[in-house]
Protein chains: 2
Amino acid sequence: MLSPQASGASRATGSLLLSNTAPAQALLLTENAALANGPPLLLQRLSLKEREEVLKEGQRRVVYRGKMLFSQGTPHDGIFLIESGRIRVFYIAPSGREITLAYWHAGNFVGGPELFGQGMHVWSGVAAANSVVVHLSGKALRGLIARMPALAIGLIEGLTFKGKCYSALAQMLGTRSVTERLAHLLLHLCDTYGVPEGDTVAIGTALTHADLAHMVGATRQWVTISLKRLQAQGILSTEKSKIVVHQLDALHAMRGGT
Amino acid sequence: MLSPQASGASRATGSLLLSNTAPAQALLLTENAALANGPPLLLQRLSLKEREEVLKEGQRRVVYRGKMLFSQGTPHDGIFLIESGRIRVFYIAPSGREITLAYWHAGNFVGGPELFGQGMHVWSGVAAANSVVVHLSGKALRGLIARMPALAIGLIEGLTFKGKCYSALAQMLGTRSVTERLAHLLLHLCDTYGVPEGDTVAIGTALTHADLAHMVGATRQWVTISLKRLQAQGILSTEKSKIVVHQLDALHAMRGGT
DNA sequence: CTCCGGCGGTGGATTAGTTGCCATGAAATG
DNA sequence: CATTTCATGGCAACTAATCCACCGCCGGAG
């Protein structure tokens, strides 16, 4: 944990204070066009002064890649505001099957499910990259909301957005085949992380087949097979931890509607 | 639509004003024990006076069983507060496959996904029983929140709850087999609507196999087959639109963990 | 009474997806 | 440099679940 006066911390604070100008994004599986605009950032509507006040109430914490931020089944209190990095929120069933609910980036908050209450985490959060988060306790949140209506609006917007994400995920999982979900995910990755190269788009993010599988609710092997098929059809090609999409329209077509 | 001074309307208003004492429930597919306590009701934390003020801002509307309250793809504004009845919120994929997100009962609100903005509905709402709802426009909501912090808390709690529901649904769909999901749903139905009869529990709610299928994200036939199997194992028996569960523990076992 | 539409129930063919296992190569670790 | 770990890939057997088609039943409406 960094002390408030450490230079690293103040730089990080700076990035949060300015986060409404940064191109923050969440990586999630959804067909909702509205989500493409990116999620609402918690402090977006606050003045600089208010932001400082909020951050002063929180505890800054560094989470290294691969480390758990919180685990399902453990008690929780309040939320974590992401200052930098990337947090993967996921759930593991007793059978061992795992589903990724979303990857959250800077400016969003994770934790919960409740904001105030002291229930149990029903999902886990792990750092997908070295991250800095600010922990806001339920008590602190309550106090802040009372004197800062814009924060309440921010929370409502954030929760609304999460609701959209999770319901969209449920829609995908409940009504689409794995192949369709995978096509959808690839398109989403193109939008979020894609680098256009001529008329192709390269996805350079280091996501393993297992990562993809967890996002679409499938097994690793099936993702491998499906990607091979797409490759055989000439729709995409893979080069060591990089996926190059050649025919976006073909992916669109097989994504099945919308 | 009933005029405010109609006796039916005032009776309905009364029921809403007292709704925190009523055993309101939502029917949803989740393994989250916290949800068993029932969802937080929107007006729960408000004084009688405040409740009246909120209802005055809304437009009361009667929706008959089977009639759509709102449809995915159409523009939306604000939310619908359920005064009585039951609203099924669901999504239909272009392929025709359908997934029920939840059944919401009196005291909860549906609509959205946003509360204020004028986006498009990303899911549909249909009356599963004759219902009375109060429409609160985004504008009205904004105004009410500003002078009624308890309403903001209510909205936050409601949204948090919906987030839990939808993420739990995604968890179920992403990590459990149809059979497990069905076992889970049956247990949930026992909790919500079940009538204990000796050491068995009867579910009398008129839910067709298709309804069940939409809730667990499966086909109607598969539900029929699965129910037949459970019946063959002596775990339950069916008598014309009534399911009697004999071995709750067996269902628990096959629901797979938690 | 008859017709009709929704619902439950079956069956068979087909496919989508799983499980388990083993091989390989690259990267990280000692 | 040697070793281990991890990501990818391939394969065979298996089963869960879907799809399509059809049938009979029942309750309601004309």
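Labels below follow one simple rule: chain letters A, B, ... track the order of the sequence lines, proteins then strands, and each chain is numbered from 1. A quick note: this is a predicted structure, and the numbers were derived from the prediction, not measured.
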May I ask you to test the [X]-[Y] pair for a side-chain heavy-atom distance under 4.5 Å?
X: A/T208; Y: A/R220; value: no
X: A/S131; Y: A/I87; value: yes
X: B/M68; Y: B/V126; value: yes
X: A/Q233; Y: A/Q247; value: no

* First and last nucleotide of DNA chain C touching chain B, 5' to 3', heavy-atom cut-off 4.0 Å? ->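 It runs C/dC7 to C/dT10.
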* Ring geometry between B/H76 and B/H121 (parallel below 30°, tilted from 30 to 60°, perpendicular above 60°) ->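 Rings of B/H121 and B/H76: tilted, as their planes differ by 30° to 60°.
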* Asked: Parallel under 30°, tilted from 30 to 60°, perpendicular over 60°: which one fits the rings of B/H135 and B/F80?
  ->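 Tilted, since the angle between the ring planes falls between 30° and 60°.
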* Nearest non-hydrogen partners of B/W104 and B/C165, listed with the distance ->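 Looks like CH2-SG, 4.0 Å.
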* **For the student: nearest non-hydrogen atoms of B/N130 and B/R65, plus distance** =>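 Of all heavy-atom pairs spanning B/N130 and B/R65, the closest is OD1-N, 2.7 Å.
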* **Test item: A/S124 side-chain N/O and A/Q72 main-chain N/O as donor-acceptor pair under 3.5 Å** =>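 Side chain of A/S124 to backbone of A/Q72, a donor-acceptor pair under 3.5 Å: yes, one is there.
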* Would you give a per-nucleotide map of nucleotides 7-25 of chain D, 5' to 3', where B means the base has a protein non-hydrogen atom under 4.0 Å away, S means only the sugar-phosphate does, and - means neither? => SBBB-----SBBSBB----
* Asked: When the C1' atoms of the five terminal pairs at each end define the local axes, what inter-axis angle does the helix from C/dC1-D/dG30 to C/dG30-D/dC1 show, to 10 degrees?
  ->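 Axis angle across the helix from C/dC1-D/dG30 to C/dG30-D/dC1, nearest 10°: 40°.
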* Of B/L248, B/V201, B/L182, which meets side-chain contact (heavy atoms from CB on, under 4.5 Å) against B/L187? ->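 Of the listed options, the one satisfying the test is B/L248.
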